[in-house]
Novice: 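Quick one: structure below, then a few questions.
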Amino acid sequence: METSAEILVCRKLRPSCKKKILMVVFYRPLSSDCWYLTEFTKYLRQGSREKLDQLFIVGGFNLPNIDWSIRISSTDSDTYNLFTKSIKDHFVWQVVDFPTQQENLLDLVLTNIPDKIVNILGFYDILESDH
């Protein structure tokens with residue numbers, strides 16, 4: 001049985017500062033194919049078309065073979081190539097700088113305003129989880 005990706009979208013949040021914000025929570029199963037990332041890419045395109053001020057995408061992407069300092073994968077696969085191309089094309093940056101499962105960085109925070117994100121911390125002792 002194949003597990004599907006899970007996507008939760010809060011469109012156009014409007015806090016008191018009047019900025020248009022898109023918040024997406026995404027989970028991609030480890031064994032899934034490119035279709036799930038194609039769905040993810042739709043939200044990046046939507047954010048670009050609607051000229052959102054701030055874009056936040058958080059979740060478990062399960063793509064450990066990416067060097068985030070240069071945003072390039074060490075794995076030549078359609079899945080990795082689609083993902084890295086999508087985030088580059090939409091000017092999105094990944095801001096988590098520590099492993100989130102053992103030595104792998106699988107859980108990401110992607111945004112178009114990376115300079116505004118500070119102090120991302122992992123809490124390994126709070127929840128019984130492998131992420």
Side-chain angles (χ1 to χ4, degrees):
M1 182 172 121
E2 187 171 326
T3 306
S4 63
E6 299 171 14
I7 303 172
L8 173 65
V9 178
C10 298
R11 294 185 69 227
K12 297 183 186 177
L13 299 173
R14 289 194 179 250
S16 59
C17 63
K18 305 289 188 220
K19 300 229 182 245
K20 292 189 292 185
I21 300 171
L22 177 67
M23 177 73 185
V24 178
V25 179
F26 182 85
Y27 172 73
R28 178 193 163 270
L30 186 59
S31 61
S32 64
D33 60 18
C34 285
W35 183 85
Y36 303 108
L37 292 176
T38 301
E39 291 299 303
F40 162 77
T41 302
K42 288 180 185 178
Y43 293 104
L44 290 178
R45 278 195 299 269
Q46 175 186 346
S48 293
R49 275 193 314 270
E50 295 183 15
K51 302 196 184 321
L52 297 168
D53 299 302
Q54 299 175 356
L55 173 65
F56 298 98
I57 303 164
V58 299
F61 287 81
N62 289 309
L63 296 168
N65 300 319
I66 297 174
D67 179 342
W68 287 107
S69 64
I70 55 175
R71 299 191 300 169
I72 294 177
S73 170
S74 60
T75 302
D76 186 25
S77 77
D78 291 342
T79 301
Y80 279 88
N81 292 336
L82 173 64
F83 183 70
T84 54
K85 181 177 180 351
S86 294
I87 62 170
K88 288 176 188 176
D89 288 352
H90 293 92
F91 306 100
V92 175
W93 298 89
Q94 197 290 119
V95 295
V96 176
D97 62 358
F98 55 87
T100 59
Q101 184 184 32
Q102 298 164 357
E103 71 279 352
N104 297 308
L105 194 137
L106 304 179
D107 303 309
L108 309 178
V109 175
L110 301 165
T111 184
N112 63 340
I113 54 165
D115 56 323
K116 303 288 185 188
I117 308 296
V118 295
N119 295 331
I120 295 178
L121 304 172
F123 294 97
Y124 302 106
D125 298 335
I126 293 176
L127 302 172
E128 293 292 324
S129 172
D130 61 351
H131 295 267

Novice: Is it true that Leu30 and Leu106 fall in one hydrophobic cluster, defined by side-chain heavy atoms closer than 4.5 Å?
Specialist: no

Novice: Looking at every heavy atom in both Thr84 and Ser73, which two are closest together, and how far apart are they?
Specialist: CG2-N, 4.3 Å

Novice: Rounded to the nearest 0.5 Å, how far apart are CG of Leu52 and CE of Met23?
Specialist: 13.5 Å

Novice: When the ring planes of Phe61 and Phe83 are compared, do they come out parallel, tilted or perpendicular, using 30° and 60° as the limits?
Specialist: tilted

Novice: Listed by chain and number, what are the side chain to side chain contact (heavy atoms under 4.5 Å, CB included) partners of Trp93, not counting sequence neighbours?
Specialist: Arg71, Pro114

Novice: Please report the closest heavy-atom contact between Asp107 and Thr100, naming both atoms and the distance.
Specialist: N-OG1, 3.0 Å

Novice: Output the rest of the hydrophobic cluster of Val118: all Ile, Leu, Val, Met, Phe, Trp and Tyr residues reachable through side-chain heavy-atom contacts under 4.5 Å, sorted by chain and number.
Specialist: none

Novice: Taking the side chain as every heavy atom from C-beta outward, state whether Leu110 and Phe26 have any pair of such atoms under 4.5 Å apart.
Specialist: no

Novice: Can you tell me how far apart CD1 (Ile87) and CG (Leu82) are? Round to the nearest 0.5 Å.
Specialist: 10.5 Å

Novice: Where is the tightest heavy-atom contact between Pro29 and Asn62, given as atom of each residue plus distance?
Specialist: C-ND2, 4.1 Å

Novice: For Asp53, enumerate each residue passing the side chain to side chain contact (heavy atoms under 4.5 Å, CB included) test, keeping only those at least two apart in sequence or located in another chain.
Specialist: Lys19, Lys20

Novice: Considering all heavy atoms of both residues, which atom of Asn112 and which atom of Leu55 are nearest to each other, and what is their separation?
Specialist: OD1-N, 2.8 Å

Novice: Phe91, Ile66: one ILVMFWY side-chain cluster at the under-4.5 Å cut-off?
Specialist: no

Novice: Examine Val25 and Ile21 and state if one hydrophobic cluster contains both, with Ile, Leu, Val, Met, Phe, Trp and Tyr joined whenever side-chain heavy atoms are less than 4.5 Å apart.
Specialist: yes

Novice: Identify the heavy atoms of Gln102 and Pro99 that sit nearest to each other, and give their distance.
Specialist: O-CB, 3.2 Å

Novice: How would you list, by chain and number, every residue that makes a side chain to side chain contact (heavy atoms under 4.5 Å, CB included) with Ile113, sequence neighbours excluded?
Specialist: Gln54, Phe56, Thr111, Asp115, Lys116

Novice: Checking Asp67 now: which residues fulfil side-chain hydrogen bond (donor to acceptor under 3.5 Å, both in side chains) with it, not counting sequence neighbours?
Specialist: Ser69

Novice: Can you sort out the partners of Ile120 under side chain to side chain contact (heavy atoms under 4.5 Å, CB included), two or more places apart, ordered by chain and number?
Specialist: Val95, Val96, Phe98, Val109, Ile117

Novice: So which atom in Leu44 and which in Ser86 form the shortest heavy-atom distance, rounded to 0.1 Å?
Specialist: CD1-O, 3.7 Å

Novice: Rounded to the nearest 0.5 Å, how far apart are SG of Cys34 and CG of Asn81?
Specialist: 8.5 Å

Novice: Establish whether Trp68 and Leu37 are linked, either directly or via other cluster members, by ILVMFWY side-chain heavy-atom contacts under 4.5 Å.
Specialist: yes

Novice: Within the structure provided, determine whether Glu50 and Leu22 are in side-chain contact (heavy-atom separation under 4.5 Å).
Specialist: no

Novice: Answer yes or no: does atom NZ of Lys85 have more than 12 heavy-atom neighbours from other residues, nucleotides or ligands under 6.0 Å?
Specialist: no

